[in-house]
Amino acid sequence: MAGRIVEVEAYFGESDPSSHSYSGKTARNAVLFGPPGHAYVYFIYGMYYCLNVSCEPEGRAGGVLFRALEPIRGLELSTSGPGRLCKAFGITRDRDNGVDLTSPRSDLQIRDDGYVADDILITPRIGITKDTARPARFLLAGNPYVSGKRSSS
DNA sequence: AATACGATTGTCT
DNA sequence: GACAATCGTATTC
């Protein structure tokens, strides 16, 4: 399976009240404090997993949440929304938390396809209750696979 | 040990 | 637009 990332959100670690790492390192968020490029998978609302990649040097927290993909091949299921894309890829905490997303040998892999966008839209983040005005959600403007929409037209 | 809540989504009105 | 589903963590007792 493969998909192109079309929507992400940034979380800024210990300076960000909306970040899981705001209150320091715990067993749950330990990956965010580890080396960059690794998968932080968390379980939310009792039924969904969400995928992040750690982004700061080891010892500092920070990550990016993948919110939506545009299917490229092998994806029949919806990948619009952080819970849905994990469901489509079968991502779970047990299986994927902590894996190196830069390694060709890991099941999950993020690669640079050289794509450059000039139509990136920046908005506040979705689903949070603190720091709700901060512009930290990045998406491809007009892309039909971004989250937050119903399929009706 | 008990409780409150969340980086979501689907269904109903 | 409102709310239920559902459970791992963090917080509080």
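Reckoned from all heavy atoms, side chains included, excluding hydrogens, waters and symmetry mates. On a predicted model such as this, the values are computed, not experimentally measured, just so you know. Chain letters run A, B, ... following the sequence lines, proteins first and then strands; every chain starts at 1.
For the pair A:R95 and A:Y49, the cation-pi test (distance below 6.0 Å, angle within 45°) is failed.
Inter-residue side-chain proximity for A:Y145 and A:R4 is flagged as unmet; no heavy-atom pair is nearer than 4.5 Å. Here the side chains of A:L140 and A:I120 are in contact, with some heavy-atom distance below 4.5 Å. Looking at heavy atoms from C-beta onward, A:L77 lies out of side-chain contact with A:K87 at the 4.5 angstrom threshold.
The OH atom of A:Y48 sits 6 Å away from the C1' atom of B:dG10 (whole-angstrom rounding). If you measure from atom CZ of A:R67 to atom C1' of B:dT8, you get 8 Å, rounded to the nearest angstrom.
Within the 4.0 angstrom heavy-atom criterion, only backbone atoms of the sugar-phosphate kind lie near A:I128; the bases stay farther away.
Stem regions annotated for DNA chain C: B:1-6 with C:7-12, B:8-12 with C:1-5, counting only runs of 3 or more consecutive pairs of Watson-Crick or G-U type with both contacts under 3.5 Å.
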For nucleotides 7-13 of chain C, which of its nitrogen or oxygen atoms have a protein nitrogen or oxygen under 3.5 Å away, and what is each distance?
{"from": "C:dT9", "atom 1": "OP1", "to": "A:R93", "atom 2": "NE", "distance (Å)": "3.3"}
{"from": "C:dA10", "atom 1": "OP1", "to": "A:T26", "atom 2": "OG1", "distance (Å)": "2.6"}

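Contact annotation: A:R137 does not reach the phosphate of B:dA7 (side-chain N/O to OP1 or OP2, under 4.0 Å).
In terms of modelled atom types and a separation under 3.5 Å, the side chain of A:D131 and the main chain of A:S18 share no donor-acceptor contact.
Taking atom C1' in both C:dC3 and B:dC5, the straight-line distance is 16 Å, to the nearest Å.
Comparing atom distances between the A:P82 side chain and each of B:dA7, B:dG10, B:dT9 picks out B:dT9 as nearest.
A:E7 CD to A:F138 CZ: the interatomic distance, rounded to the nearest 0.5 Å, is 11.5 Å.
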